[in-house]
Amino acid sequence: KITNREKTISTVTEGRIEKTLKSLTNIAVAKTVPYSFSDEFGNLLSSDIDYAIYDFTHNKVLVVEAKWIDKHYKDEIDKIYGKILETFNTIFSKQIEKHKKFLCVQQNIDFLFKDDERYKTGLPTPEIYYLAVDKRNQLHIGEKHMVSEYMLIYLLRKFTIKDELDLPA
């Protein structure tokens, strides 16, 4: 159980995502799913996946790691960018790296989506994309992307065609 939810994905944002996805027929979703597993060295790793969307039609999963850190916006502009970059690096080096290790096993993907009745086990292993989401800013470094909450909602709407999500390649 997540006890400090306001530091992960905001309930308002979760509601916006759910509203955007509610009429879609080809997806399953997972929300705030905690997990633990042993890595290749026997170390117990724990984390939680804030939000994930499985597009069955295109066999793609979008894993969203959300951060809602108000301290980003209370300092001078140069300090703000430093904090945003630090958060970005932490998300990708710590949390998303754990998610990648965890989700490389099909049974863990099944575990992630087990609470959505639309999800069916036995699907081929999907392509998985990882995206960081922040309240207000965007940052793109190489293949790592952080977008604002509003950009995420925009992208979900843009890639919805006839009540189906079409996660692009």
Side-chain angles (χ1 to χ4, degrees), residues 1-11 13-14 16-18 20-21 24 26-69 72 83-116 118-135 137-149 151-153 155-156 159 165-169:
K1 180 173 165 122
I2 304 302
T3 56
N4 209 357
R5 191 167 167 69
E6 66 275 2
K7 289 191 176 181
T8 60
I9 190 165
S10 80
T11 54
T13 300
E14 189 176 275
R16 287 182 182 131
I17 294 170
E18 288 175 359
T20 303
L21 300 174
L24 304 186
N26 69 320
I27 63 164
V29 298
K31 303 180 286 186
T32 317
V33 178
Y35 66 84
S36 296
F37 70 102
S38 294
D39 69 8
E40 63 273 16
F41 306 109
N43 300 314
L44 183 63
L45 302 177
S46 299
S47 191
D48 70 291
I49 294 176
D50 293 335
Y51 211 95
I53 305 163
Y54 198 131
D55 169 354
F56 301 126
T57 306
H58 304 94
N59 201 33
K60 296 179 190 295
V61 172
L62 178 63
V63 175
V64 174
E65 183 60 38
K67 290 293 169 226
W68 314 110
I69 301 174
H72 284 174
K83 288 177 183 176
I84 292 168
L85 182 59
E86 181 181 334
T87 297
F88 177 89
N89 287 330
T90 299
I91 289 169
F92 280 94
S93 68
K94 294 189 177 167
Q95 292 173 285
I96 288 180
E97 279 307 310
K98 283 184 200 172
H99 298 347
K100 287 179 178 181
K101 288 179 182 180
F102 179 70
L103 294 174
C104 72
V105 176
Q106 182 62 45
Q107 74 183 44
N108 293 342
I109 296 169
D110 294 341
F111 171 80
L112 178 62
F113 290 101
K114 71 180 176 10
D115 292 334
D116 190 317
R118 298 170 292 186
Y119 182 73
K120 306 292 183 245
T121 58
L123 296 170
T125 302
E127 259 183 278
I128 302 176
Y129 300 94
Y130 298 87
L131 182 65
V133 177
D134 185 74
K135 281 183 183 177
N137 68 70
Q138 297 191 85
L139 183 60
H140 307 276
I141 299 176
E143 295 299 313
K144 298 173 183 173
H145 305 282
M146 181 163 55
V147 298
S148 69
E149 166 191 350
M151 182 56 73
L152 174 61
I153 299 300
L155 291 170
L156 292 173
F159 295 114
L165 186 63
D166 182 2
L167 288 176

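Residue L62 holds its CG atom at 8.0 Å from CG of L165, rounded to the nearest 0.5 Å. Atom OG1 of T125 is separated from atom CG of L103 by 11.0 Å, given to the nearest 0.5 angstrom. For the atom pair K144 NZ and I91 CD1, the distance stands at 11.5 Å (nearest 0.5 Å). Within the model, atoms CZ of R16 and CG of L156 stand 13.0 Å from one another, a figure rounded to the nearest 0.5 Å.
Closest approach of L112 and A52 over heavy atoms only: CD2-CB, 3.8 Å. Smallest separation of non-hydrogen atoms from I17 and L152: CD1-CD2, 3.8 Å.
Listed by chain and residue number, Y54, F113 satisfy the ring-ring contact (aromatic ring centres under 6.0 Å, His included) test with Y119 (two or more places apart in sequence, or in another chain). Every salt bridge (Lys or Arg N to Asp or Glu O under 4.0 Å) that K100 has, sequence neighbours left out, goes to E97. With sequence neighbours excluded, the residues satisfying side chain to side chain donor-acceptor pair (under 3.5 Å) with H145 are H140. Under the rule for a side chain to side chain donor-acceptor pair (under 3.5 Å), T121 has no partner lying at least two apart in sequence or in another chain. Not counting sequence neighbours, D115 has no partner by the salt bridge (Lys or Arg N to Asp or Glu O under 4.0 Å) test. Applying the ring-ring contact (aromatic ring centres under 6.0 Å, His included) criterion to H99, with sequence neighbours excluded, gives Y35.
No more than 12 heavy atoms of other residues, nucleotides or ligands lie within 6.0 Å of NZ in K94, so this atom counts as exposed by the packing criterion.
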Could you go step by step and tell me if D134 and M146 meet the side chain to side chain contact (heavy atoms under 4.5 Å, CB included) rule? CA-CA 7 Å; D134 185 74; M146 181 163 55; 3.8 Å; yes
